Amino acid sequence: MKIGARGALAEPFLSVLVRNRRDDLERGLDRQVAGVLELQRLMKLPPLETMDPVAARRFAEEGLSPLEVDRVEMAHVHDALVPRDWIPSKPIRVRIFVPRNAGPHWLVYLHGGGGTIGSARASEPITRYIANATTMTVASVDYRLGPEHKHPAAIEDAVAAFQSIAPRVPRGGKLAVGGDSFGGFLSAHVDRRSTLRPAAQLLIYPMTNLTMSSPGFTTHGEGYLYTRKIAEYFKSHYLHANDDRKAASPAFFAERGDNLANAAPAIVATAGFDPLGPEGDEYADQLRATTSVVHRRYPGLVHGFLSLAGGVRAARAAVDELCADLVATLGT
C-alpha cells in the first residue's frame with residue numbers, strides 16, 4: 001500500500017489525480033498534497049468521526065497514512081514508567097527513543113489525536129525520524145485519553161511526565177517539549193504549568209482554541225484531511241459538557257491573565273490549508289511578545305503533514321526544517 005501510494009504521487013499519475021483540484025492548486029495547495037486528497041476520496045475510507053473511540057484508535061494504530069516516513073533504526077528503544085503522583089498505582093507509560101550518536105538533549109513528545117486517539121506506538125515513525133534528525137533522545141508519552149479520561153487528565157499526564165523525565169537528562173543537556181495538533185495543545189500547557197521551564201517548545205500545527213471560533217473552520221473546515229466534523233468529534237469525547245473551553249485554550253491564556261511571561265522559546269509550524277492554521281498563527285504572535293519565536297508557515301500544506309512526510313516532498317522538507325530549528329534553538 002505504501003509503495004502504491006508513493007507511486008501515485010509521481011508523474012504521470014499525479015497529473016491525472018490532481019485534475020479535479022485546479023482551484024486548490026491555483027490557491028497554492030501543494031500538488032502532491034492535492035494528490036493525497038484525491039487518493040483519500042477515491043479510497044472511500046470510513047470517516048473517523050463515524051467510529052467509536054476504541055475503533056478509531058485501532059484504525060489509527062494500524063496507520064492512518066501509507067505515507068508515513070520510513071522506520072529509522074535507533075541505538076535502542078525502551079518503555080519506561082514515570083510516576084503519576086496522585087495515582088501511584090497507575091504510572092504513565094513513556095516510550096524512549098535513543099538515536100545513534102545521541103547528543104545530550106531530550107525532547108518530551110506528545111502525540112496528536114484530539115485527546116481521543118493516538119499513542120506512542122502510532123506516532124513512532126515520526127518520533128524515530130525526529131530523534132535521528134536532531135540526535136535528541138525522544139520520550140513519547142502515552143497520556144490518558146477521552147472519553148474514559150476527560151479534560152484535564154491529558155494535561156495532568158503531560159505535565160507529570162515532563163517533570164518526571166527531567167532528571168533523566170544528562171548534565172549539560174536540555175529538555176524541550178513538543179507535539180503535533182493536540183500534542184501542541186498539551187505542549188503549550190506544559191510550558192505554562194510545569195514547575196520546570198522547558199528549554200524550547202515545538203508546536204506543530206497546534207490546537208490552541210477549543211471554542212472552534214477560528215476562521216479556519218470556515219475557510220478550510222471540509223476537504224483537507226482535518227475537518228470540522230472530526231474536530232467536533234474529538235472535542236465531544238475529550239471535554240465534559242460543562243468544561244470552560246476558553247479557560248482550557250492556550251489562545252485565551254493572555255485574556256485570562258497569563259501574559260505568557262517566561263514562556264519557553266517557541267517553534268510554531270502552521271499550514272495554509274489547515275482549519276487550525278489561523279489559531280496557530282495567532283498564538284505564535286502572542287508568544288512573540290514575550291519570547292523568541294520561529295514561526296514556519298507552510299502555505300501549501302495541510303493539517304497532519306507529519307504523516308505525509310514519507311511521500312510528499314514539501315512535507316519532508318518542512319519536518320527537516322523544524323528539526324533543524326529545534327537543534328538551533330537548543331544550541332550545543
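The structure presented is a predicted model; accordingly, all values stated were derived computationally and were not measured.
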What do you reckon, is CZ of Arg57 surrounded by more than 12 foreign heavy atoms closer than 6.0 Å?
yes
Sidechain-backbone polar pair: His189 side chain, Ala248 backbone, donor-acceptor under 3.5 Å:
yes
Going by the rule side chain to side chain contact (heavy atoms under 4.5 Å, CB included), which residues pair with Ala324 if we only count those two or more places apart in sequence or in a different chain?
none
Measure the spacing between CE of Met212 and OG1 of Thr218 and express it to the nearest 0.5 Å.
10.0 Å
State whether Glu232 and Arg228 are salt-bridged, where the test is any N-O pair (Lys NZ or Arg NE/NH1/NH2 against Asp/Glu carboxylate O) under 4.0 Å.
yes
Give the minimum heavy-atom separation between Ala154 and Tyr238, together with the two atoms involved.
CB-CE1, 4.2 Å
More than 12 foreign heavy atoms under 6.0 Å from CZ of Arg313: is that the case here?
no
Can you name the residues that form a side chain to side chain contact (heavy atoms under 4.5 Å, CB included) with Glu282, not counting sequence neighbours?
Gln286
Kindly say whether Ala263 contributes a backbone atom to a donor-acceptor pair with the side chain of Thr291 at under 3.5 angstrom?
yes
Exercise: identify the closest heavy-atom pair between Ala264 and Arg197:
CA-NH2, 3.5 Å
Would you please say whether a donor-acceptor pair under 3.5 Å links the side chains of Asn209 and Ser213?
yes
Relative to the ring of Tyr226, is the ring of Phe217 parallel (under 30°), tilted (30 to 60°) or perpendicular (over 60°)?
tilted
On a heavy-atom basis, which atom in Val190 and which in Pro198 lie closest, and how many Å separate them?
CG1-CG, 4.4 Å
Less than 4.0 Å between a side-chain N and a carboxylate O, is that true for Glu222 and Lys229?
no
Can you find a pair of side-chain heavy atoms, one from Glu156 and one from Arg144, that are under 4.5 Å apart?
yes
Which atom pairs, donor and acceptor, lie under 3.5 Å between side-chain atoms of residues 136-143 and protein residues at least two apart or in another chain?
unit_1, atom_1, unit_2, atom_2, d
Asp142, OD1, Ala120, N, 2.8
Tyr143, OH, His111, O, 2.7
Tyr143, OH, His111, ND1, 3.2

Does any non-hydrogen side-chain atom of Ile92 lie less than 4.5 Å from one of Leu81?
no
Which atom pairs, donor and acceptor, lie under 3.5 Å between side-chain atoms of residues 97-104 and protein residues at least two apart or in another chain?
none

For Leu29 and Gly300 the tightest heavy-atom approach is CD1-O, 3.5 Å
Look up atom CG in Asp180 and atom CZ in Phe185, then write down how far apart they are to the nearest 0.5 Å.
14.0 Å
Sub-3.5 Å donor-acceptor pair from the side chain of Gln32 to the main-chain atoms of Val312, do we have one?
no
To the nearest 0.5 Å, what is the distance between CG (Leu175) and NE2 (His105)?
11.0 Å
Could you give the distance from CD (Gln163) to CZ (Arg193), rounded to the nearest 0.5 Å?
11.5 Å
Note: Ala309 and Val319 closest approach over all heavy atoms is CB-CG2, 4.0 Å
Val293: hydrophobic cluster co-members (side-chain, 4.5 Å)
Leu203, Phe253, Leu260, Val268, Tyr283, Leu287
How many angstroms lie between atom CG of Leu330 and atom OG1 of Thr134, to the nearest 0.5 angstrom?
8.5 Å
Please determine which of Tyr205, Phe305, Phe273 meets the ring-ring contact (aromatic ring centres under 6.0 Å, His included) test together with Tyr298.
Phe305
What I want to find out is whether Arg128 reaches Glu68 closely enough, with some N-O distance under 4.0 Å, to be called a salt bridge.
no
Nearest heavy-atom pair of Leu225 and Ile230: which atoms, and what distance?
O-CD1, 3.5 Å
For residues 40-54, pull every pair meeting side-chain hydrogen bond (donor to acceptor under 3.5 Å, both in side chains), keeping only residues two or more places apart or in separate chains.
Glu38-Arg41
